[in-house]
Amino acid sequence: MPYDPSTIEPRWQHFWERNKTFRTAEDPAKRKYYVLDMFPYPSGAGLHVGHPEGYTASDIVARSKRMQGFAVLHPMGWDAFGLPAENHAIKTGTHPALTTAQNVATFKRQLKSLGFSYDWDREINTTDPEYYRWTQWIFLKLFERGLAYEALAPINWCESCKTGLANEEAVGGVCDRCGGPVVKRNIRQWILKITAYADRLIEDLDGLDWPESVKTMQREWIGRSEGARVIFDVAGSAERFEVFTTRPDTLFGATYCVLAPEHALVEKITSSAQRAEVDRYREETKRKSDLARTELSKEKTGVFTGAYAVNPATGQQVPIWIADYVLASYGTGAIMAVPGHDDRDHAFATRFRLPILEVVKGGSKPVAEEPYSGDGVNVASGFLDGLPSSEAKRCMAHWLETQGKGVRAITYKLRDWVFSRQRYWGEPIPLIHVEGIGVRAVPESELPLRLPEVERYQPTGTGESPLAAIDSWVNIKDPVTGRPAKRETNTMPQWAGSCWYYLRFKDPRNEREAWSQAAERYWGSVDLYVGGVEHAVLHLLYSRFWHKVLFDLGLVSTKEPFQKLVNQGLILGEDGEKMSKSRGNVVNPDDVLKEYGADAFRLYEMFLGPLEAVKPWNTRGLEGPYRFLQRCWRLLHEESRDGDKFLGVSDGPIADPAAARKLHQTIRKVTEDIDKLRMNTAISALMELQGVIADVPAPRPRALVEPFLLLLAPFAPHLAEELWSKIGHGESLAYAQWPVFDPALCTEDSVEYAVQINGKVRARVTVPADAGEDAVRAAGLAAPEVASQLAGKTPKKVIVVKGKLVSIVL
RNA sequence: GCGGGAGUGGCGGAACUGGCAGACGCGCGGGACUUAGGAUCCCGUGGGGCAACCCUUGAGGGUUCAAAUCCCUUCUCCCGCACCA
């Protein structure tokens with residue numbers, strides 16, 4: 001029988017399962033290592049080849065760390081609440097729990113067939129009441145801390161999903177999930193005060209070993225701006241309004257103000273002459289989707305209100321306009337416009353012929369032509385004249401504060417997290433509304449608050465979830481006062497379950513608490529977190545927020561949940577395009593496995609290129625790793641007509657010093673490469689070593705074969721186990737000791753130097769590795785090709801680079 | 001527009017801190033074994049030239065004994081953000 005993954009692989013998968021090889025426990029004698037994959041949403045389509053990329057990388061790390069003596073936590077679970085299962089239920093009437101269970105079974109079978117070393121005893125599912133019980137419990141902690149509040153607020157509403165969305169899910173006015181348009185709608189909401197943690201969410205990024213791009217995305221999403229709020233009085237009225245500006249130094253150049261069309265003051269200050277036009281504009285704005293409103297190319301629009309404000313610095317009256325380029329939801333919903341020094345204000349002022357003043361010197365053109373938004377020196381600014389921008393800012397902020405006309409202020413782009421979904425398939429929010437009293441938490445003893453059975457999953461579209469239709473569930477008595485009460489009928493967003501799953505993995509079967517303190521302490525932060533970059537500002541921001549709240553409550557011992565983050569790059573289709581059903585370029589891992597086996601699949605995905613890079617799939621490329629595995633097989637087998645003959649191994653030392661050297665160099669390289677997640681170059685090194693071992697006559701020395709198999713094991717665990725057992729080991733190699741290299745054995749005893757003359761390689765000389773610089777120089781100059789080129793001339797300069805080359809300059 | 005990343009053989013990709021560009025693999029060419037080969041093994045494989053040699057890391061310039069790597073200019077592609085005052 002030649003190398004046959006279809007018999008080897010299931011055998012070892014059963015072996016691992018039967019023996020619970022990868023079951024993990026806290027072990028005070030060992031150092032811990034927590035390596036986590038972002039758990040998947042178990043969709044109906046099953047795994048595609050993108051999933052196993054990150055999973056394979058983390059599995060290689062987990063397996064090698066185990067062999068290096070770490071207690072390794074490497075779990076897997078299911079992020080199973082969410083819309084697809086619910087939409088399927090609406091169409092077919094199948095309960096989402098049933099669909100979810102089927103999908104989970106498929107995913108699990110596929111993951112097992114890839115030989116991942118998960119501790120399946122720790123499997124969790126966010127839709128399991130024993131899990132969401134604790135999701136609800138954490139929500140109550142937030143509620144108790146005043147971090148959850150109810151509000152009737154204009155929020156992002158997806159027309160096709162018929163649910164409200166968080167800001168993070170509606171980027172660019174488009175629904176993150178379905179791509180449909182998002183409109184503003186006033187809906188009663190539960191909202192989490194993530195903004196209270198904005199500064200810490202920024203500051204603590206500094207200590208994390210994350211891709212710089214993800215940190216930048218989070219910083220920009222939080223969008224901290226320092227500046228001042230400035231009070232403008234409305235001329236001839238007792239009304240006043242505040243604006244937020246990052247450039248208080250330009251206040252002398254504020255020649256008009258703009259309110260967001262939705263601003264409450266608009267109603268009161270609009271003059272009767274302007275009333276009709278203002279009303280028309282506000283109506284128009286309301287109808288515009290966010291998408292249309294943020295359309296960048298559009299010319300700015302706006303309407304004069306007929307009212308004037310008083311510039312607190314100049315005392316002059318400036319017109320108040322409304323325009324949709326000012327957002328109601330940011331800052332104070334009102335701005336002072338400084339057209340001389342702001343691009344947007346400049347465009348607006350030009351269009352509506354509003355005055356443009358220069359108050360900061362530094363631009364290359366007159367401000368009437370081109371705004372200058374950089375720093376400079378103040379002019380035409382009264383007491384600020386002559387001050388550089390940074391000082392002028394400070395000076396003006398101070399002046400505003402002493403005059404009672406403003407205060408220093410910080411504003412964030414980040415909004416509080418809209419946490420309600422008007423859908424069925426999510427965690428019920430464990431709150432009740434008691435008549436005459438208000439909102440009360442469901443007692444912890446009553447958790448989990450189970451999702452009731454419903455007849456119709458159809459979202460109502462009215463802003464109520466399908467739960468609202470179940471009278472028996474909704475209408476209850478307040479357990480404290482006995483008064484009539486109604487249950488909260490909104491459910492939580494899908495992000496809730498994933499906000500803390502990494503904590504539950506530490507103690508997944510705990511029935512008394514979400515996790516024990518001992519388990520939490522032992523496993524600490526996730527040491528390596530592997531997943532897609534698409535969660536950069538969603539899951540990764542939300543779970544950091546929850547984690548910090550839990551930290552403040554003394555429930556977790558670290559400030560941050562994920563110490564090191566790696567984003568695997570997308571695998572494209574063979575056509576170089578993103579894999580998608582509609583393009584028909586989706587590769588199904590089941591098909592690949594059938595033909596080449598899991599080991600070849602794993603090797604191939606890792607060999608493709610750097611983990612983080614986007615790279616195209618090429619099914620033909622699988623031949624390389626597959627052939628490599630066959631060659632590994634043949635290190636111990638001889639092919640013959642009636643099946644392969646096992647060759648065994650020989651005892652005694654490695655006779656060939658070159659082979660020993662290659663072995664130790666490879667141990668070093670593979671160990672380092674796994675550490676840096678450079679799996680592609682590690683595999684290349686293993687291929688080279690295989691070639692060297694193949695040149696040693698059979699039976700090949702155990703001393704050479706064993707370490708090779710151990711190095712191979714994290715990458716191709718099935719074949720490695722098979723061969724390991726064939727050379728006489730009764731136990732799995734999963735905990736065998738990782739090979740250690742001997743630095744002395746890594747060094748060559750002679751080195752080839754390239755000899756360059758004027759930068760061109762003209763000769764090669766081989767010199768003993770311990771030769772000194774002078775000896776190397778002499779050997780280089782003595783090379784016959786060099787002597788003829790020199791033709792008796794004396795070189796101007798000779799440079800010796802140790803171990804590399806001799807450079808002769810004529 | 002702003003921010004980030006990347007351009008290396010026919011293809012995926014290697015190259016430590018500036019030190020022999022093209023590791024490893026795919027593909028391709030030749031050969032061996034074979035009834036057969038789309039299996040396996042061996043040899044070759046950046047381009048040009050009979051050769052000595054010359055050219056080659058998106059393009060152009062520079063620094064250096066030496067540049068894929070550092071500096072300047074420029075082009076292209078990918079990702080993120082996008083009226084946030």
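Any value given below was found using the heavy atoms of this structure, including those in side chains, with hydrogens, waters and symmetry copies removed. Being a predicted model, the structure only gives us computed values, none of them experimental. Proteins get letters first, then strands, A, B, ... in listed order; numbering begins at 1 in each.
Among the protein residues, K413(A) comes within range of the nucleic acid bases, having at least one heavy atom under 4.0 Å from a base atom. Residue T411(A) is out of contact with every strand shown, counting any heavy-atom pair closer than 4.0 Å. Backbone-only contact: N680(A) has heavy atoms under 4.0 Å from sugar-phosphate atoms and none from a base. Counting non-hydrogen atoms under 4.0 angstrom, R224(A) reaches nothing in the nucleic acid.
Ion pairing between E638(A) and R634(A) fails under the 4.0 Å rule for side-chain N and carboxylate O. Here E284(A) does not pair with K286(A) in a salt bridge; the nearest charged N to carboxylate O distance is not below 4.0 Å. Salt-bridge annotation for R668(A) and D673(A): absent, with no side-chain N of the basic residue lying under 4.0 Å from a carboxylate O of the acidic one.
Between the C1' atom of A6(B) and the CG atom of L570(A) lies a distance of 16 Å, rounded to the nearest Å. As rounded to whole Å, 14 Å separates atom P of C83(B) from atom CD1 of I335(A). In this structure, the CD1 atom of I683(A) is 12 Å from the P atom of A14(B), given to the nearest Å. Following rounding to the nearest Å, L608(A) (CG) and G12(B) (P) show an atom-to-atom distance of 10 Å.
With both pairing distances under 3.5 Å, U45(B) is matched to G27(B) as a Watson-Crick or G-U wobble pair. Base pairing analysis places G80(B) opposite C2(B); the two distances defining the Watson-Crick or G-U wobble pair are each below 3.5 Å. For U17(B), there is no paired nucleotide, since no Watson-Crick or G-U wobble pair has both relevant distances below 3.5 Å. Across all strands shown, nothing is found opposite U69(B) as a Watson-Crick or G-U wobble partner with both distances under 3.5 Å. A 3.5 Å limit on both hydrogen-bonding distances identifies no Watson-Crick or G-U partner for A52(B). The partner of G9(B) is absent, by the rule that a Watson-Crick or G-U pair needs both atom distances under 3.5 Å. Nucleotide U40(B) is matched to A32(B) when pairs are restricted to Watson-Crick or G-U wobble geometry with both distances under 3.5 angstrom. Nucleotide U64(B) forms no Watson-Crick or G-U wobble pair with any nucleotide shown, as no partner meets the under 3.5 Å limit on both distances.
Not a single donor-acceptor pair under 3.5 Å links the side chain of K802(A) to the backbone N or O of G772(A). R415(A) places a side-chain N or O within 3.5 Å of a backbone atom of K413(A) that can act as its donor or acceptor partner. Looking only at distances, a side-chain donor or acceptor of S389(A) sits under 3.5 Å from a matching main-chain atom of G376(A). The backbone N or O of P355(A) lies less than 3.5 Å from a partner atom in the side chain of T255(A), making a donor-acceptor pair.
Distance from the side chain of K804(A) is smallest to G19(B) among G19(B), A85(B), C54(B). Side-chain proximity of T216(A) to G3(B), G13(B), G19(B): nearest is G3(B). Picking from C53(B), A85(B), G27(B) the nucleotide with the shortest atom distance to the side chain of V326(A) gives A85(B). Checking A82(B), A23(B), G3(B) against the side-chain heavy atoms of E688(A) singles out A23(B) as nearest. Here G19(B) is the nucleotide among A85(B), G19(B), G80(B) with the atom lying nearest to any side-chain atom of V801(A). Of the listed nucleotides (G13(B), C20(B), G4(B)), G13(B) has the atom at the smallest distance from the side chain of P616(A). For P610(A), taking side-chain heavy atoms from C-beta onward, the closest of the listed nucleotides G19(B), G80(B), G13(B) is G13(B).
Separating the P atom of G1(B) from that of G12(B) is a span of 29 Å, rounded to the nearest Å. Using atom P as the reference point in both U57(B) and C50(B), the two lie 24 Å apart (nearest Å). U45(B) and C24(B) have their P atoms separated by 12 Å, given to the nearest Å. Using C1' as the reference atom, C83(B) and C78(B) are 25 Å apart when rounded to the nearest Å. Spacing of P atoms, A51(B) relative to C43(B), comes out at 23 Å, to the nearest Å. If you take atom C1' in G7(B) and the same atom in U56(B), they sit 15 Å apart, rounded to whole Å. Taking atom C1' on both nucleotides, G46(B) is separated from U34(B) by 34 Å, rounded to a whole Å. Taking atom P on both nucleotides, G37(B) is separated from A32(B) by 11 Å, rounded to a whole Å.
For the OP1/OP2 pair of C11(B) and a distance below 4.0 Å, the side-chain nitrogens and oxygens of N618(A) include no atom meeting the criterion. Side-chain nitrogen and oxygen atoms of T681(A) include none within less than 4.0 Å of the OP1 or OP2 phosphate oxygen of A23(B).
Between F348(A) and Y325(A), the gap from one ring centroid to the other is short of 6.0 Å. Between F628(A) and F607(A), the ring center distance fails the sub-6.0 Å criterion. Taking the six-membered ring wherever Trp is involved, the centroid distance between the rings of W221(A) and Y412(A) does not fall below 6.0 Å.
A heavy-atom distance below 4.5 Å is found between the side chains of M336(A) and T250(A).
Of the candidates L805(A), V767(A), V801(A), V767(A) is the only one forming a side chain to side chain contact (heavy atoms under 4.5 Å, CB included) with V776(A).
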Q: Between protein and nucleotides 33-45 of chain B, map the contacts as a letter string: B base, S sugar-phosphate only, - none, heavy atoms under 4.0 Å, written 5' to 3'.
A: -------SS----
**Q.** Heavy-atom protein contacts under 4.0 Å, nucleotides 60-65 of chain B, coded B base, S sugar-phosphate only, - none
**A.** -----B
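Base orientation of G49(B): anti (glycosidic angle beyond 90° from 0).
With the nearest nucleotide of RNA chain B identified for both E220(A) and K669(A), E220(A) has the one nearer the 5' end.
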